[in-house]
Amino acid sequence: FDFIEQGGVKGEYGNNRYVLQKLINTLNTMGGGTIYIPEGIYYFERASDNADYCIKVQSNVSICGAGRGRTILKCGRNEDTTLYTLFWNCDQGITKTNMRFENFTVDMSDMANNTTPYNHKGKAFYIQGNTNSVYRDLELIGTPSTALGVDFLNNVIIDNVDCDTCGRLWTPNYTNSQGNIIEGPGGAGIGIGTGFLPVENVKVVNCTCRKCGHFGIFFEHQGLFGTGSELSKGVIISNNIVTDSRCYGIGIRGGYNYTVLGNQVYGCVKDGIFLNSGENGTEPNNGHLLDLVNINITGNTCTNNGFNGITIDGSSKVNGVKINGNLIAENKKYGIALGDRNLNNRSRNNISVTNNTVINNSSDIYIDELFIPSTRLYNNDINNNKCSASKIKLGSNGLSVNKSICYFSPFTLENIITMKLPQNIGETKCIYSLRDITYKTDNKVVGYSINVTADYKLEISTCTDNGIAPVKYTS
């Protein structure tokens with residue numbers, strides 16, 4: 001169907017909502033089809049029988065425009081303070097399938113400019129339960145809430161979606177039902193809830209999120225709220241650009257088998273890539289669903305963020321996380337932080353930090369006490385960071401490990417190394433493997449020797465080279 005031929009009107013408010021909804025319902029009863037909306041600006045008001053939304057989507061019905069910036073769907077007026085969603089499906093337990101949304105712009109920058117409290121209703125898309133569908137070549141502008149809020153997806157591709165200044169009513173301080181002030185929820189560019197379907201495979205690729213609220217791209221297991229009971233498995237977040245978010249860049253809260261590959265994340269107020277679950281050190285609802293398991297963070301560029309380049313933290317289990325081959329530079333706190341928020345009370349296992357370039361940050365790598373026994377650092381280029389102490393900051397209790405092997409091999413130390421052993425080591429057996437270390441001083445490379453003394457002091461001594469006198473460091 002051609003939207004104009006069926007009664008759609010350009011350039012003014014009118015019956016556009018009624019016409020589009022009727023076409024969707026008709027095609028659905030016919031077994032499916034595509035609605036083409038030609039070039040132009042079209043205005044849509046909320047439904048008369050439901051103040052929360054404008055258009056209810058249906059299975060097997062697709063909506064395609066003439067291109068981003070050419071077909072423009074506008075919602076809201078400056079004087080209207082009520083939030084509503086353009087495309088909606090939140091029927092409990094009803095999953096929509098075989099839909100495409102392609103080649104158009106949704107502009108909600110005129111909606112509720114006089115309203116300051118955040119709520120979740122002002123979205124371009126608010127769809128819960130969706131399979132075998134595509135969101136491609138979309139431009140989403142100025143949504144008061146999350147722009148693309150699509151939950152419980154399987155075999156869904158989100159490709160080349162541009163979110164600009166979305167989640168604009170998000171606030172960093174939010175008073176919850178208990179009266180506590182917490183970090184405000186919602187307000188992402190692309191926000192995806194997980195944990196309802198037995199299989200949830202999703203690709204978010206080639207997207208751009210600029211100046212969004214809480215996150216640019218965010219996956220969150222709804223077990224945190226007692227909704228989802230399935231493990232979230234099989235997600236690829238690749239080749240996206242996330243810049244100038246008002247909080248975090250890319251976030252994952254609970255997930256199994258996630259790949260975060262080749263993204264550019266820069267200029268965010270807090271962390272570039274942020275993986276966590278739980279708050280205030282307590283185990284969240286359905287805690288095992290919020291675990292971070294088999295997470296591959298590879299080939300990303302995280303620069304000039306206000307906190308850390310990459311952070312992993314939270315109250316749930318972390319097992320099998322690979323941070324590999326990332327460029328992490330000019331962040332205002334740590335390049336990589338494992339446990340920086342001190343919310344830990346569950347196990348960490350099989351953490352690998354390899355082949356990263358960590359340069360010109362305010363500090364380099366932070367690893368807290370729970371991450372240390374299970375973290376392997378290998379072949380990272382760590383230099384020219386602004387901290388004055390050791391190149392690896394190892395938490396308040398130093399190398400507090402029990403029957404574990406810590407690998408630091410190889411990496412470059414500059415100026416000084418400080419490693420503190422536990423003061424009351426007792427019968428604990430600790431093995432420290434420091435191999436292939438290069439120590440630099442005055443641009444000259446020297447060798448090293450290592451000794452653990454009878455009273456468990458660690459000695460690292462430089463060897464003479466080119467007339468440089470030996471120097472011993474003991475802790």
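Predicted model only: the values in this text are computed from it and were never measured.
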Donor-acceptor contacts, no H, no angles, side chain residues 147-157, under 3.5 Å, sequence neighbours left out:
residue : atom : partner : partner atom : Å
D151    : OD1  : G193    : N            : 2.8
D151    : OD2  : Q128    : NE2          : 3.3
N154    : OD1  : N201    : N            : 2.9
N155    : ND2  : N132    : OD1          : 2.7

Residues E220, R253: salt bridge by 4.0 Å N-O rule: yes
Heavy-atom donor-acceptor pair, S145 side chain to N119 backbone, under 3.5 Å: yes
Qualifying salt bridge (charged side-chain N to carboxylate O under 4.0 Å, His left out) pairs, either residue in residues 56-67, two or more places apart: K56-D91
Worked verdict on L73 versus T105 for side chain to side chain contact (heavy atoms under 4.5 Å, CB included): CA-CA 6 Å; L73 314 183; T105 292; over 6 Å; no
is_close_aromatic(Y53, Y84), centroid dist under 6.0 Å: no
Side-chain heavy atoms of L261 within contact of N296, under 4.5 Å: no
With T259 via side-chain hydrogen bond (donor to acceptor under 3.5 Å, both in side chains) - residues at least two apart: none
Qualifying residues under ring pair (Phe, Tyr, Trp, His ring centres under 6.0 Å), relative to F101, sequence neighbours excluded: F87, F125, Y135
Stepwise side chain to side chain contact (heavy atoms under 4.5 Å, CB included) check, N276 with I312: CA-CA 6 Å; N276 88 318; I312 301 178; over 6 Å; no
Ring pair (Phe, Tyr, Trp, His ring centres under 6.0 Å) evaluation trace for F307 with Y248: CA-CA 9 Å; F307 278 21; Y248 306 107; 7.9 Å; no
K332/N304 under side chain to side chain contact (heavy atoms under 4.5 Å, CB included): CA gap, chis, key distance, verdict: CA-CA 7 Å; K332 300 304 186 293; N304 198 34; 2.6 Å; yes
Lys/Arg N to Asp/Glu carboxylate O, R136 vs E102, below 4.0 Å: yes
K211 bridged to D244 by N-O distance under 4.0 Å: no
Residue Y18 excluded, over 12 heavy atoms near OH under 6.0 Å: no
Over all atoms of both residues, closest heavy-atom pair of S62 and R100: OG-N, 3.0 Å
Spatial distance of atom NZ (K74) from atom CE (M108) [nearest 0.5 Å]: 10.5 Å
Residues which pass ring pair (Phe, Tyr, Trp, His ring centres under 6.0 Å) with F1, listed by chain and number, not counting sequence neighbours: none
Ion pair check, D271 and K333, cut-off under 4.0 Å: no
K203 atom NZ, over 12 foreign heavy atoms within 6.0 Å: no
Least distance between heavy atoms, G142 atom then R168 atom: O-NE, 2.6 Å
Residues forming a side-chain hydrogen bond (donor to acceptor under 3.5 Å, both in side chains) with T131, sequence neighbours excluded: T97
Student check: side-chain heavy atoms of N300 and V260 closer than 4.5 Å: yes
Shortest non-hydrogen contact from C212 toward C163: SG-O, 3.9 Å
